[in-house]
Peer 1: 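Structure in structure tokens, see below.
Model, not experiment: these values are computed from the prediction. By convention in this document, chain letters (A, B, ...) are assigned in the order of the sequence lines, proteins followed by strands, and residues within each chain are numbered from 1.
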Protein chains: 2
Amino acid sequence: MPKQVDHDERRREIGDAVCRVIAARGLDTVSLRHVAAETGVSMGRVQHYFATKDEMLMFAFDLISERVEARLGAVHSDDPATYLRAILLELLPLSPAARAEAPVLAAFLAQAVVEPRFAEVLRRGNDEMVVWLAGLIAAVRPGGDPKRDAAALLAFADGLMLQVLIGQVSPEAAEELVDHQLSLVLTRSRHTGSGTRSDSSPARA
Amino acid sequence: MPKQVDHDERRREIGDAVCRVIAARGLDTVSLRHVAAETGVSMGRVQHYFATKDEMLMFAFDLISERVEARLGAVHSDDPATYLRAILLELLPLSPAARAEAPVLAAFLAQAVVEPRFAEVLRRGNDEMVVWLAGLIAAVRPGGDPKRDAAALLAFADGLMLQVLIGQVSPEAAEELVDHQLSLVLTRSRHTGSGTRSDSSPARA
DNA sequence: TGTTTTACGATGCGTTCGCATTGCAAAACG
DNA sequence: CGTTTTGCAATGCGAACGCATCGTAAAACA
């Protein structure tokens with residue numbers, strides 16, 4: 001046999017190329033030939049490490065998921081409010097690493113709308129995030145409904161990520177929006193009731 | 001010539017089929033043949049009304065954009081807070097119409113990340129929304145930074161739309177989150193400062 | 001050292017794609 | 001009423017696709 005090769009390492013190389021293709025031109029432009037070219041190897045090699053295109057895409061999905069997770073896990077702070085802020089900012093395409101990964105996440109997020117297999121993985125990750133963030137929120141501001149606040153913050157962060165990606169919101173503005181949103185969530189929100197309804201009309205025409 | 005036909009009507013029929021294909025199986029599965037089959041006509045007809053696939057997709061994009069706009073325009077209320085709430089809820093896949101359009105929007109949103117032509121249109125629509133919502137916010141709660149609040153609400157709504165689409169958040173929970181978020185934004189937020197920073201450490205590891 | 005096994009490059013196959021071309025029935029128009 | 005124009009179906013073409021197959025250089029193993 002030829003030189004013993006690190007199987008997982010090779011797979012990561014190819015998976016990384018898949019992510020680059022997705023980030024540069026979209027999930028639908030991923031083909032075995034493009035990925036091979038991006039990796040700088042032959043198509044046969046790609047096929048050697050992935051039986052099907054689908055398996056390759058799933059691997060790439062797991063790969064960026066792990067990377068985002070690692071990036072989030074590397075965030076630390078003793079102060080829960082600072083910690084929370086740092087985590088939210090890490091979800092946005094602000095750092096070079098996040099800027100590289102966010103378009104890939106966005107592509108898989110959209111694909112999850114029509115492919116339940118992706119959606120399931122995303123839901124699991126999001127559920128973990130809700131629990132995590134809720135703990136931090138409760139530490140900063142006891143009482144209220146920390147899980148609800150966490151879910152709202154995550155929706156906000158996801159939407160903001162996309163807005164930054166399409167150039168709707170600048171990185172600086174995004175950071176300011178995060179700070180503002182955090183100040184809203186962390187300062188009060190004691191009540192558990194339904195919120196804002198200020199009259200009883202059906203509000204639709 | 002054969003029976004005079006309403007050109008725009010035919011184009012809308014086909015564009016509608018494009019949206020259905022996108023919603024059911026994703027933007028990348030759109031092909032002239034699939035669209036023709038979905039419309040129940042021959043491929044030649046599709047080609048007769050759209051010179052290129054790209055033109056067809058752009059038309060479909062404009063089509064759902066107009067529909068969402070129409071849906072938002074149909075919302076009315078005398079009370080600004082109720083009005084604002086109704087608009088935000090209309091952005092979520094809660095009604096049957098919105099449930100049909102949201103997956104299409106999500107697909108184009110993701111495509112906009114790698115195709116600037118889509119991004120530009122989305123940015124314009126979003127800018128209008130910011131101005132619109134900011135006016136309502138200012139009417140409910142004078143002072144503060146209504147444009148910032150509007151931008152934050154839109155990011156929140158976009159993210160929440162996706163979370164509902166992937167089954168992460170139920171429609172009922174989404175409605176409650178909107179109410180909660182509105183109560184946060186509309187009740188106070190007087191300050192203009194940078195927000196939450198609670199210590200001076202860099203917050204990253 | 002001979003054998004086997006591994007890691008690939010190369011090539012081919014059947015399908016599907018976007019798009020161009022062609023043909024023709026039918027109705028509007030002179 | 002014939003001519004022209006329009007609306008479309010049908011078909012063909014080259015490219016790209018995922019995937020299967022085959023061939024082979026090379027290293028681990030006996």
Side-chain angles (χ1 to χ4, degrees), chain A residues 1-63 107-108 111 114-115 117-118, chain B residues 1-63 107-108 111 114-115 117-118:
Chain A
M1 7 178 167
K3 56 180 172 190
Q4 289 279 28
V5 131
D6 186 339
H7 208 74
D8 291 344
E9 165 69 18
R10 296 280 203 212
R11 280 169 71 92
R12 258 181 276 116
E13 277 176 29
I14 296 171
D16 197 53
V18 172
C19 290
R20 286 200 303 274
V21 171
I22 294 175
R25 306 201 190 269
L27 188 56
D28 58 314
T29 73
V30 172
S31 74
L32 299 184
R33 292 158 225 268
H34 281 155
V35 170
E38 176 72 30
T39 319
V41 302
S42 77
M43 220 180 101
R45 175 124 129 204
V46 176
Q47 281 189 278
H48 180 68
Y49 287 100
F50 297 100
T52 66
K53 177 187 178 180
D54 190 77
E55 183 190 326
M56 184 181 76
L57 280 176
M58 282 305 252
F59 180 83
F61 183 35
D62 289 345
L63 190 64
F108 280 120
Q111 198 64 19
V114 290
E115 269 193 46
R117 275 159 57 253
F118 289 140
Chain B
M1 9 177 168
K3 57 181 171 191
Q4 289 279 29
V5 131
D6 186 338
H7 208 75
D8 290 345
E9 165 68 18
R10 296 281 203 210
R11 280 170 71 93
R12 257 182 279 116
E13 277 177 27
I14 295 171
D16 197 52
V18 172
C19 290
R20 286 200 303 275
V21 171
I22 293 175
R25 305 203 190 269
L27 188 56
D28 57 314
T29 74
V30 172
S31 75
L32 299 185
R33 292 159 226 266
H34 281 155
V35 169
E38 176 73 32
T39 319
V41 302
S42 77
M43 216 180 105
R45 174 121 130 206
V46 177
Q47 281 190 277
H48 181 69
Y49 288 101
F50 297 100
T52 67
K53 178 187 177 179
D54 189 76
E55 183 190 325
M56 184 181 76
L57 280 177
M58 283 304 253
F59 180 83
F61 184 34
D62 288 345
L63 191 64
F108 281 120
Q111 198 65 20
V114 290
E115 269 192 47
R117 275 160 56 254
F118 289 140

Peer 1: Just the rounded figure in Å: distance from P of D/dC17 to CE of A/M56.
Peer 2: 11 Å

Peer 1: Decide yes or no for B/M56 and B/L32: does some side-chain heavy atom of the first lie under 4.5 Å from some side-chain heavy atom of the second?
Peer 2: yes

Peer 1: Quick one: does any side-chain atom of A/R11 pair with a main-chain N or O of A/Y49 as donor and acceptor, under 3.5 Å?
Peer 2: yes

Peer 1: Below 4.5 Å, heavy atoms only, C-beta onward: do B/F108 and B/I22 meet side chain to side chain?
Peer 2: yes

Peer 1: Decide, yes or no, whether a salt bridge links B/R20 with B/D16 under the criterion of side-chain N to carboxylate O below 4.0 Å.
Peer 2: yes

Peer 1: Below 4.0 angstrom, which residues in residues 45-52 of chain A have at least one non-hydrogen atom near DNA chain C?
Peer 2: A/R45, A/H48, A/Y49

Peer 1: What residues, two or more places apart in sequence or in another chain, satisfy side-chain hydrogen bond (donor to acceptor under 3.5 Å, both in side chains) together with B/D54?
Peer 2: B/R117

Peer 1: Do B/V30 and B/H34 come within less than 4.5 Å of each other through their side chains, counting heavy atoms only?
Peer 2: no

Peer 1: Can you tell me how far apart CE (A/M58) and CG (A/L63) are? Round to the nearest 0.5 Å.
Peer 2: 13.5 Å

Peer 1: Counting C-beta onward and ignoring hydrogens, is there a side-chain heavy-atom pair between A/F59 and A/E55 closer than 4.5 Å?
Peer 2: no

Peer 1: With side chains defined as the heavy atoms from C-beta onward, is the minimum distance between A/D28 and B/L27 less than 4.5 Å?
Peer 2: no

Peer 1: In whole angstrom, what separates B/H34's NE2 from D/dC17's P?
Peer 2: 17 Å

Peer 1: Under a 4.0 Å heavy-atom cut-off, which of residues 15-33 of chain B touch DNA chain C?
Peer 2: B/V30, B/S31, B/L32, B/R33

Peer 1: For B/R10 and for B/M43, locate the closest nucleotide of DNA chain D by heavy-atom distance; then report the residue assigned to the nucleotide nearer the 5' terminus.
Peer 2: B/R10

Peer 1: Would you kindly give the NZ-to-P distance between B/K53 and C/dC17, to the nearest whole Å?
Peer 2: 9 Å

Peer 1: What is the distance, to the nearest angstrom, from the CG atom on A/D6 to the P atom on C/dT6?
Peer 2: 16 Å

Peer 1: Could you state the CD-P distance from B/E55 to C/dG18, rounded to the nearest angstrom?
Peer 2: 14 Å

Peer 1: Between atom CZ in B/R11 and atom C1' in D/dC8, what is the gap in whole Å?
Peer 2: 16 Å

Peer 1: Check the phosphate of C/dT6 against A/H7, side-chain N and O only, distance under 4.0 Å to OP1 or OP2. Yes or no?
Peer 2: no

